[in-house]
Amino acid sequence: MVHVFHYHGHHYVYDTGSGALHECDEKTAKYLAGEEAEFTDEELKATLADIEGLKDAGLLYAEEVKVAPVKSHELKALCIHICHDCNLRCKYCFADEGAYHAAREMMRLETAKKAIDFLIANSGARKVLEVDFFGGEPLMNLDVIKETVAYAKEEAAKRGKRFLFTTTTNGLLLNDDAIDFLNREMENVVLSLDGRKEVHDAVRKTISGKGSFDAVIDKIKKFVEIRGDKNYYVRGTFTAKNLDFSKDVLFLADQGFRSLSVEPVVTDIPDLQIKEEHLPVIEAEYEKLCDEYIRREAEGKGFSFFHFHIDLEGGPCLQKRVSACGAGNEYLSVVPNGDIYPCHQFAGDAKWRMGNVYEGVIDPQIRNLFATSSLFTREKCGDCFAKFICSGGCSANNYHYNGDINKPYEMTCAMMKKRIECAMHVLAERKSREN
């Protein structure tokens with residue numbers, strides 16, 4: 001399959017079978033798209049010769065190889081809900097403002113240790129294991145995080161394994177002690193900040209109803225400065241209230257944050273929900289962001305934007321790309337009482353309870369549903385150029401909007417396709433500068 005697209009006077013052809021991206025002239029693009037194009041005899045001859053050359057090299061109209069997904073019953077990661085409470089009341093929170101539609105509670109150290117034991121016991125031959133401390137707001141239970149990390153490292157050392165830890169935080173509790181601990185022990189830290197003060201404060205409010213921007217901005221800046229070259233993301237969310245989100249991404253970059261991700265909200269709240277009618281504006285915003293992203297990079301003032309990162313040459317192997325994210329099978333979520341769910345976005349839904357770390361067992365039917373799910377069970381993905389890059393989308397979003405983990409959520413698909421085209425343009429411009 002070939003995908004032809006245009007970006008501000010540039011004409012691209014992406015070959016899904018080989019993963020090759022080609023830039024061409026407008027006439028060739030039209031020809032490959034099946035549109036009418038006026039060639040002279042010499043131009044047509046040269047164009048056809050170029051096409052045949054690429055085909056012979058396996059870089060155009062390459063056969064899509066249907067490899068078997070990589071699926072393992074060896075557990076590699078847990079999302080530990082260390083806290084089902086929060087010191088913010090963000091309007092769009094999928095987790096019911098931290099409570100997950102249940103009682104607000106903290107995970108006890110005993111349960112956290114049981115979760116670590118469960119991960120190790122079910123990890124098989126895996127040597128590197130991952131734990132994401134999640135909430136609510138995890139730093140409200142920092143002492144248990146600290147003791148859990150110490151316990152996990154001790155137990156892993158006994159078995160020749162190693163842990164990588166991540167924490168997601170809203171930044172309100174980032175004091176010197178928390179900053180020191182996170183920078184010392186966390187492989188990655190995700191910091192929630194939506195962008196401009198008026199945008200952030202409109203939805204990310206404190207318990208008293210005040211905006212939280214002024215309470216977190218300096219703490220997050222201090223954390224990132226001390227963090228140095230270690231991994232982190234400043235992550236925001238845009239809604240229907242700030243469809244001009246490119247300004248928020250650039251605002252965050254201007255604060256000195258170098259690793260950014262700003263995601264479209266997933267919600268049914270009417271005044272915040274992203275709708276089909278918003279797509280043209282959103283697509284235009286991604287282009288604005290892309291243009292400025294390239295300009296800043298060329299001037300040596302670049303930053304990293306998560307959705308503009310694709311690797312068409314050295315990225316994950318095809319088997320991993322068709323396997324989806326691993327939720328419900330290799331990656332699970334544990335809530336404060338020890339109950340296990342496929343991932344944090346299924347937490348609290350009794351239908352998806354898979355077991356409990358105290359029981360040490362996993363529901364085989366639910367696990368098998370996720371283990372057998374892949375790009376190839378998502379029929380709508382078959383004719384999509386982005387399928388080998390996005391892997392069929394988020395299972396939780398698919399379920400929450402279409403009732404089936406194998407039915408992609410169309411709004412997410414539309415935005416993903418646009419981001420991928422922008423990312424491909426970034427790649428092409430970067431290579432052009434290098435040459």
Side-chain angles (χ1 to χ4, degrees), residues 5 7-8 10 12 14 21 166 168-169 171 187-197 199-200 204 217 220-221 223-225 227-239 242-266 274 278-279 281-316 321 325 386 389-391 393-394 411-434:
F5 67 100
Y7 190 100
H8 297 348
H10 296 265
Y12 295 108
Y14 171 63
L21 177 68
T166 297
T168 298
T169 177
E187 175 71 14
N188 206 343
V189 179
V190 181
L191 305 119
S192 298
L193 188 65
D194 279 358
R196 295 163 290 174
K197 175 179 167 62
V199 168
H200 181 96
R204 299 188 64 83
I217 184 64
I220 292 176
K221 282 185 176 181
F223 174 86
V224 168
E225 182 180 1
R227 185 74 175 165
D229 59 359
K230 293 183 178 180
N231 295 328
Y232 75 90
Y233 266 104
V234 172
R235 185 199 183 281
T237 300
F238 75 85
T239 73
N242 64 309
L243 293 175
D244 58 346
F245 62 88
S246 68
K247 294 178 181 177
D248 294 295
V249 177
L250 297 175
F251 171 84
L252 293 172
D254 289 340
Q255 305 312 299
F257 305 135
R258 303 267 65 87
S259 298
L260 304 176
S261 173
V262 173
E263 308 287 333
V265 72
V266 179
I274 301 295
H278 298 141
L279 287 177
V281 176
I282 291 172
E283 291 175 354
E285 281 298 302
Y286 278 123
E287 290 191 1
K288 289 178 186 177
L289 178 58
C290 183
D291 292 344
E292 181 64 10
Y293 190 79
I294 291 169
R295 187 187 71 79
R296 292 191 182 198
E297 187 175 277
E299 293 179 353
K301 302 175 183 177
F303 60 93
S304 171
F305 181 63
F306 179 77
H307 288 300
F308 289 168
H309 277 283
I310 56 171
D311 189 341
L312 299 179
E313 296 174 350
R321 283 183 278 137
C325 74
I389 298 173
C390 91
S391 304
C394 171
M411 290 295 296
T412 298
C413 293
M415 289 182 279
M416 174 65 78
K417 291 174 189 177
K418 186 60 183 180
R419 293 193 298 251
I420 288 174
E421 289 183 347
C422 289
M424 288 180 177
H425 178 61
V426 169
L427 277 182
E429 290 293 287
R430 189 175 294 148
K431 286 197 171 184
S432 177
R433 289 197 305 271
E434 291 171 354

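Computed over heavy atoms, backbone and side chain alike; hydrogens, waters and symmetry mates excluded.
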- [ ] Evaluate whether atom CD of E299 has more than 12 neighbouring non-hydrogen atoms of other residues, nucleotides or ligands under 6.0 angstrom away.
- [x] yes
Task: Over all atoms of both residues, closest heavy-atom pair of H8 and D291 - done: NE2-OD2, 3.2 Å
- [ ] Please name the pair of heavy atoms, one in T168 and one in S192, separated by the smallest distance, quoted to 0.1 Å.
- [x] CG2-OG, 4.5 Å
Task: Partners meeting side-chain contact (heavy atoms from CB on, under 4.5 Å) with V266 (sequence neighbours left out) - done: N397, Y401
Open item on the list: Angle between ring planes, Y12 versus H10, binned at 30° and 60°: parallel, tilted or perpendicular?
Closed with: parallel
Open item on the list: Salt bridge check, D254 against K301: does any charged N sit closer than 4.0 Å to a carboxylate O?
Closed with: no
Task: Sub-4.5 Å side-chain heavy-atom contact between I389 and L312 - done: yes
Task: Test side chain to side chain contact (heavy atoms under 4.5 Å, CB included) applied to V199 and R204, step by step - done: CA-CA 9 Å; V199 168; R204 299 188 64 83; over 6 Å; no
TODO: Report the distance from atom OH of Y233 to atom CZ of R258, rounding to the nearest 0.5 Å.
DONE: 13.0 Å
- [ ] State, with a plain yes or no, whether a side-chain heavy atom of E429 is found less than 4.5 Å away from one of E297.
- [x] no
Task: Intermediate values then yes/no, side chain to side chain contact (heavy atoms under 4.5 Å, CB included), V189 and F223 - done: CA-CA 10 Å; V189 179; F223 174 86; 3.6 Å; yes
- [ ] Answer yes or no: is there a side-chain heavy-atom contact under 4.5 Å between R430 and L427?
- [x] yes
TODO: For E421, enumerate each residue passing the salt bridge (charged side-chain N to carboxylate O under 4.0 Å, His left out) test, keeping only those at least two apart in sequence or located in another chain.
DONE: none
Open item on the list: Using 0.5 Å steps for rounding, measure from the CD1 atom of I282 to the CG atom of L243.
Closed with: 5.5 Å
Task: For S246, the option from E285, E292, E287 that meets side-chain contact (heavy atoms from CB on, under 4.5 Å) - done: E285
Task: Any donor-acceptor N or O pair under 3.5 Å, side chains S304, H309 - done: yes
Task: Any donor-acceptor N/O pair, N242 side chain to T239 backbone, under 3.5 Å - done: yes
- [ ] Grab the two heavy atoms, one from A386 and one from I420, that are nearest each other, plus how far apart they are.
- [x] CB-CD1, 3.5 Å
Task: 4.5 Å side-chain heavy-atom contact, F306 and L260 - done: no
Open item on the list: Y232: which residues meet the ring pair (Phe, Tyr, Trp, His ring centres under 6.0 Å) condition with it, sequence neighbours left out?
Closed with: none
Open item on the list: Is the distance between the ring centroids of F308 and Y293 under 6.0 Å?
Closed with: yes
Task: Atom pair CD1 (I220) and CG (L191), whose distance is rounded to the nearest 0.5 Å - done: 5.5 Å
Open item on the list: Are the side chains of F303 and V249 in contact, using a 4.5 Å heavy-atom criterion?
Closed with: yes
Open item on the list: Strictly below 4.0 Å, N to O, side chains only: are R196 and D244 in salt-bridge contact?
Closed with: yes
- [ ] Flag the pair P264 / R419 as yes when at least one side-chain heavy-atom distance between them is below 4.5 Å, and no otherwise.
- [x] yes
TODO: Tell me, please, which residues at least two apart from K431 pass salt bridge (charged side-chain N to carboxylate O under 4.0 Å, His left out).
DONE: E313
Open item on the list: Working to the nearest 0.5 angstrom, can you tell me the gap between K418 NZ and C413 SG?
Closed with: 16.0 Å
Task: Contacts of Y7 that satisfy ring pair (Phe, Tyr, Trp, His ring centres under 6.0 Å) - sequence neighbours left out - done: H425
TODO: Kindly compute the distance separating CG (L252) from CZ (F245), expressed to the nearest 0.5 Å.
DONE: 12.5 Å
Task: CE on M424 to CG on L21, rounded to 0.5 Å - done: 6.0 Å
Task: Considering all heavy atoms, the nearest C290-C422 contact - done: SG-O, 3.6 Å
Task: Min side-chain heavy-atom separation T169-V190 under 4.5 Å - done: no
- [ ] Mind checking salt bridge (charged side-chain N to carboxylate O under 4.0 Å, His left out) for E187 and listing every partner two or more places apart, or none if nothing turns up?
- [x] none
Task: Least distance between heavy atoms, D194 atom then G236 atom - done: OD1-CA, 3.4 Å
- [ ] Compute whether any side-chain donor of one residue and acceptor of the other, for H200 and D248, lie under 3.5 angstrom apart.
- [x] no
Open item on the list: Could you check whether any side-chain heavy atom of L289 comes within less than 4.5 Å of a side-chain heavy atom of F305, counting everything from C-beta outward?
Closed with: yes
- [ ] Answer yes if the side chains of T237 and E263 hold a donor-acceptor pair under 3.5 Å, and no otherwise.
- [x] no
